[in-house]
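Order of the sequence lines sets the chain letters (A, B, ...), proteins ahead of strands, with each chain counted from 1.
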Amino acid sequence: MSIKTSLLYSAGAVEEHYNAGEYIFRESSMPQFYYQVLKGEVKLNNYNHDGKEFIQNILRNDESFGTSMLFIHKVYPVNAIAISKCTIIKVHKESFYKLLEQQPYLYLEVSKSLSERLYNKFILMRKISCHNASERLKEVIQLMKQEQDNQLPFSFVVPLTRQQLASLTGLCIETTIRTIKKMERDKILRIKDRKILY
DNA sequence: TCATTAAAGTTAT
DNA sequence: ATAACTTTAATGA
């Protein structure tokens, strides 16, 4: 889901530019804005005590983020960090509320999008908590593929590095690499120029 | 089965 | 050039 940028601008949205690695918001801070990605990629993540990263989600082209925390008075449970050089658009919470009041159909859109995210999270959790490496990776890749129109086998070029795949599944990178290779041998996916096709 | 460590090769900035 | 990412191999829980 994405909200038309013209609507967001009319609600007082501002554009911001970030370089790779820069924080857009931090874990434990108070949500104040509705965010949407205009260009580039953003990740939502956590770091555990020994610095290992766990990626919760990766957002790109027109996807919103941080929205699920916007309607409750709680601090962010994740960081939002730019993966690449990116442009985001943000609207202050109060203006966003007003926009939803003026455009009630947007409420439905936002609800749908939140439901979708929640649904995918459940599916992912089910696999990640009780399946082997291959299953975990397959699920993450499959969920991403579902967002594209072409569902033919091997038509989806996974837009993630091995490292990101590892951080999304909670596996170490070496296991991720070995498992991806095994999955290629098992004809679950293909590898072309290091890119994963599913 | 998977994590960790180390070492070396490859790609991106 | 330097950092970030990828790969392989050995070892151990």
Mind checking A:Ala20 for me? I need base, sugar-phosphate or nothing, with any heavy atom below 4.0 Å counting as a touch.
nothing
Students often get this wrong, so: under 4.0 angstrom with heavy atoms, is A:Gly170 touching a base, only sugar-phosphate, or nothing?
sugar-phosphate
Compare every heavy atom of A:Ala20 with every heavy atom of A:Ile83, then report the nearest pair and how far apart it is.
O-CB, 3.1 Å
Tell me every residue that passes salt bridge (Lys or Arg N to Asp or Glu O under 4.0 Å) with A:Asp193, counting only those two or more places apart in sequence or in another chain.
none
Does the ring center of A:Phe156 lie less than 6.0 Å from the ring center of A:Tyr198?
no
Listed by chain and number, what are the side chain to side chain contact (heavy atoms under 4.5 Å, CB included) partners of A:Glu174, not counting sequence neighbours?
A:Cys172, A:Arg178
How does protein contact run along nucleotides 4-13 of chain C, one letter per nucleotide 5' to 3', with B for base contact, S for sugar-phosphate only, - for none, heavy atoms under 4.0 Å?
-SBBBBB---
Is the backbone of A:Gly40 close enough, under 3.5 Å, to the side chain of A:Ser84 for a donor and an acceptor to pair up by distance?
no
When the aromatic ring centroids of A:Tyr35 and A:Phe25 are compared, is their separation below 6.0 Å?
yes
Considering only heavy atoms of chain A and a distance under 4.0 Å, specify the first and last nucleotide of DNA chain B in 5' to 3' order that meet this criterion.
B:dC2 to B:dT11
With sequence neighbours excluded, tell me which residues meet side chain to side chain contact (heavy atoms under 4.5 Å, CB included) with A:Asp149.
none
Listed partners of A:Thr87 passing side chain to side chain contact (heavy atoms under 4.5 Å, CB included), at least two apart:
A:Glu15, A:His17, A:Leu38, A:Lys39
